[in-house]
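Just below is one structure, and these are the notes that go with it.
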Amino acid sequence: MAEMTTGQGLASIRPGSVGRLRGWAQSLGLLWVLIVLCAFAVYLSPSFIQTGNMLNVGRQVALFGIVSVGMTFVILTRGIDLSVGSIVGVVAVATALMLSSGVPIPLAMIAALGMGAVFGAINGAGVVFFGMPPFIMTLGTLVMGRGIAMTIANGEPKTLGDASDAFSYLGSGFLFGIPVPIWIFVAIAAAAFVVLRHTPFGRQIYAVGSNTEAARLAGINVPRVLMSVYAISGVLSALTALVFVSRLTVGEPTAGTNLELEAISIVVIGGTSLFGGEGGVIGTVIGAAIIAVMANILNLLGISPFTQQIVKGAIIIAAVMFEVYRHKRRS
């Protein structure tokens, strides 16, 4: 009987066909924005479409995109995760220390992903069991994580030792002529799409984000859903750290600095609502591509990194203002 009640409740609050059509229309609009941006980039600098530059853009999309997929899960539940950048820093240093100490690569990678899951579980526990606002909880984890990274690294980059050459394939290698990080991102994005749109867990995430109390009354285990999404965000942050370390062949304690801002802007630009329950991975993928192409355009034009920060900040403000405007119109 309980199972029937839960199923009926889910059926009543799962994303409807109208919402899905709206999401597809928004994703199509974003795709046109991306196409126009690419055309503008080619007009400004024909070198944009050179193979080497396009591969670099693809790597940037992958690095931003992996962590942004995790952020999508969290924001869909009306949460936020500011700790993703510091998780990248901690895991990057810890991975370098493990590899330089002779820990086998597969074991070091499993341990790194486990560290990300632990950080995510800590965030989830603070939100679920202690009633901490997600912003405050993950802000605290952000500060602590960055401090942990600097402490265990003694403020210095850590090398990978003899494992440098073998481990570099993850971030710098190619598979069928395409960089490995892009394949990883495609696999993560595809898996996330299936989970969110075609599994009961995915419908529960949308339900919790749309109306937490209604989801609870429908029989959904809200604490488990929230713990799960923060753990997913932590694991994907750790995976991003592994790609970073492999690409740079060092563990930088400052790795991932401001990555949380990139991830949030990508998710919001991609159409996932900060008010929860609306959006998805397709928009996040396109949003990551838009941010990466825009950054590449600024680099090709020789715009200074300081000016680029101003542009990125303006983009975040504009995206959030638009989302708030849409939310007010609907309510």
Side-chain angles (χ1 to χ4, degrees), residues 3-4 6-34 61-62 64-81 84 120 124 182-212 214-216 218-222 224-237 239 263-264 266-290 319 323 326-327 330:
E3 291 182 358
M4 184 180 297
T6 301
Q8 292 171 344
L10 272 176
S12 64
I13 55 183
R14 72 178 62 178
S17 57
V18 175
R20 291 189 180 185
L21 287 173
R22 186 189 300 121
W24 281 107
Q26 190 168 28
S27 296
L28 186 60
L30 285 172
L31 187 58
W32 277 110
V33 170
L34 178 59
V61 172
F64 293 157
I66 293 170
V67 70
S68 297
V69 170
M71 186 70 76
T72 302
F73 276 78
V74 174
I75 291 180
L76 279 172
T77 62
R78 208 177 297 187
I80 201 78
D81 189 353
V84 294
I182 296 178
W183 288 110
I184 296 173
F185 176 47
V186 169
I188 294 295
F193 177 82
V194 171
V195 168
L196 287 174
R197 288 298 183 182
H198 300 288
T199 68
F201 176 61
R203 291 190 288 273
Q204 289 171 5
I205 289 174
Y206 281 100
V208 170
S210 297
N211 190 319
T212 303
R216 184 179 290 110
I220 295 173
N221 189 333
V222 175
R224 185 181 65 185
V225 171
L226 294 177
M227 288 288 293
S228 297
V229 297
Y230 282 101
I232 289 170
S233 180
V235 169
L236 293 183
S237 299
L239 180 58
I264 293 170
I266 285 169
V267 174
V268 174
I269 288 171
T272 296
S273 174
L274 288 171
F275 300 97
E278 180 183 338
V281 173
I282 293 178
T284 297
V285 172
I286 301 174
I290 289 173
E323 171 55 28
R326 283 200 311 132
H327 181 74
R330 285 198 303 269

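Given the structure is predicted, the values throughout are model-derived calculations rather than measurements.
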I188 CD1 to W183 CH2 distance, which is reported to the nearest 0.5 Å | 14.5 Å

Can you give me every donor-acceptor pair (side chain of residues 69-78, partner residue at least two apart or in another chain, under 3.5 Å) with its distance?
from	atom 1	to	atom 2	distance (Å)
T72	OG1	S68	O	2.8
T72	OG1	T284	OG1	2.7
T77	OG1	V74	O	2.6
R78	NE	G209	O	3.3
R78	NE	F275	O	2.9
R78	NH2	G209	O	2.8
R78	NH2	S210	O	3.0

Atom NE2 in H198, atom CZ in F193: separation rounded to 0.5 Å?
-> 4.5 Å

Between T212 (side chain) and V208 (backbone), is there a donor-acceptor pair under 3.5 Å?
-> yes

Return yes if some donor-acceptor pair links the side-chain N/O of Y230 with the main-chain N/O of D81 below 3.5 Å, else return no.
-> no

Looking only at heavy atoms, what is the nearest atom pair of A263 and V67, with distance?
-> CB-CG1, 4.1 Å

Interatomic distance, I269 atom CD1 to L34 atom CG [nearest 0.5 angstrom] | 11.5 Å

Any chance you could measure I286, atom CD1, to I266, atom CD1, to the nearest 0.5 Å?
-> 12.5 Å

Considering non-hydrogen atoms only, spot the tightest contact between Y206 and L196 and give its length.
-> CE1-O, 3.5 Å

Identify the two heavy atoms, one from A189 and one from V281, that lie closest to each other, and give their separation to 0.1 Å.
-> O-CG1, 3.6 Å

Taken in chain and number order and not counting sequence neighbours, the residues that satisfy side chain to side chain donor-acceptor pair (under 3.5 Å) with R224 are none

Sorted by chain and residue number, the side chain to side chain contact (heavy atoms under 4.5 Å, CB included) partners of V61 (sequence neighbours excluded) come out as V57, F185, A288, A289, A292

Taking side chain to side chain contact (heavy atoms under 4.5 Å, CB included) as the test, write out the residues that go with A231, two or more places apart.
-> none

Output all residues satisfying side chain to side chain donor-acceptor pair (under 3.5 Å) with S237, sequence neighbours left out; order by chain, then residue number.
-> none

OG1 of T199 to CD of Q204: how many Å apart, nearest 0.5 Å?
-> 8.0 Å

Closest non-hydrogen atoms of T272 and G280, given as atom of the first, atom of the second and distance, are OG1-N, 3.3 Å

Working to the nearest 0.5 Å, report the span between CG of L236 and CD1 of I184.
-> 11.5 Å

